[in-house]
Amino acid sequence: FRLIQVNYTQPLNVGSLDVFDPETIAQAVFTSQESPAGSIQRVRQPFGFPMSRIPDLTNAKRALSWEAKVPFMQGLKDISFIQTGQYERG
């Protein structure tokens, strides 16, 4: 919502500074589901594909005055908690 209120038209990374390889993220998302269905498929990465990246959140901080306050893995737990209906807004 905040992004449409500012005059910023470039791609914007609003992630966190946590750095994980793709398999770790896939496994965390998969296991965070109450009833995971299917499976994780491993595919060969293209030649030269970086196995990890350090995100640059400078533009998000500048354009939105925003930065992530919740670590990635905790956010997954929070989403799962909300999806199961165990969370009530107070």
Side-chain angles (χ1 to χ4, degrees):
F1 178 73
R2 198 179 295 184
L3 184 57
I4 61 175
Q5 295 177 327
V6 298
N7 187 24
Y8 191 85
T9 58
Q10 299 300 310
L12 194 62
N13 184 347
V14 292
S16 72
L17 291 175
D18 299 332
V19 178
F20 302 100
D21 63 89
E23 187 169 347
T24 300
I25 293 173
Q27 190 64 42
V29 170
F30 185 76
T31 58
S32 73
Q33 302 302 306
E34 185 176 333
S35 301
S39 63
I40 296 172
Q41 294 184 350
R42 289 161 184 81
V43 296
R44 186 175 296 208
Q45 299 295 336
F47 179 75
F49 187 83
M51 290 310 294
S52 67
R53 300 176 184 178
I54 299 174
D56 182 358
L57 306 176
T58 306
N59 290 334
K61 289 179 184 178
R62 189 176 323 133
L64 304 176
S65 300
W66 180 89
E67 62 183 298
K69 301 216 184 312
V70 177
F72 178 79
M73 294 298 185
Q74 181 60 47
L76 281 179
K77 291 177 187 174
D78 292 348
I79 289 170
S80 179
F81 189 70
I82 292 167
Q83 288 175 337
T84 60
Q86 297 176 30
Y87 172 81
E88 295 182 22
R89 289 190 171 186

Which pair of heavy atoms, one from Tyr8 and one from Ala63, lies closest together, and at what distance?
CD1-CB, 3.8 Å

Please give me the minimum heavy-atom distance between Ala60 and Asn13, naming the atom from each residue.
CB-O, 3.4 Å

What distance separates Asp56 CG from Lys61 NZ, expressed to the nearest 0.5 Å?
9.0 Å

Might you confirm whether atom CD of Glu23 has over 12 heavy atoms from other residues, nucleotides or ligands at distances under 6.0 Å?
no

Evaluate side-chain contact (heavy atoms from CB on, under 4.5 Å) for Glu67 paired with Leu57, printing each intermediate quantity in order.
CA-CA 8 Å; Glu67 62 183 298; Leu57 306 176; 5.8 Å; no

Is it possible for you to say whether Met73 and Ile25 belong to one hydrophobic cluster, with membership spreading through side-chain heavy-atom contacts below 4.5 Å?
yes

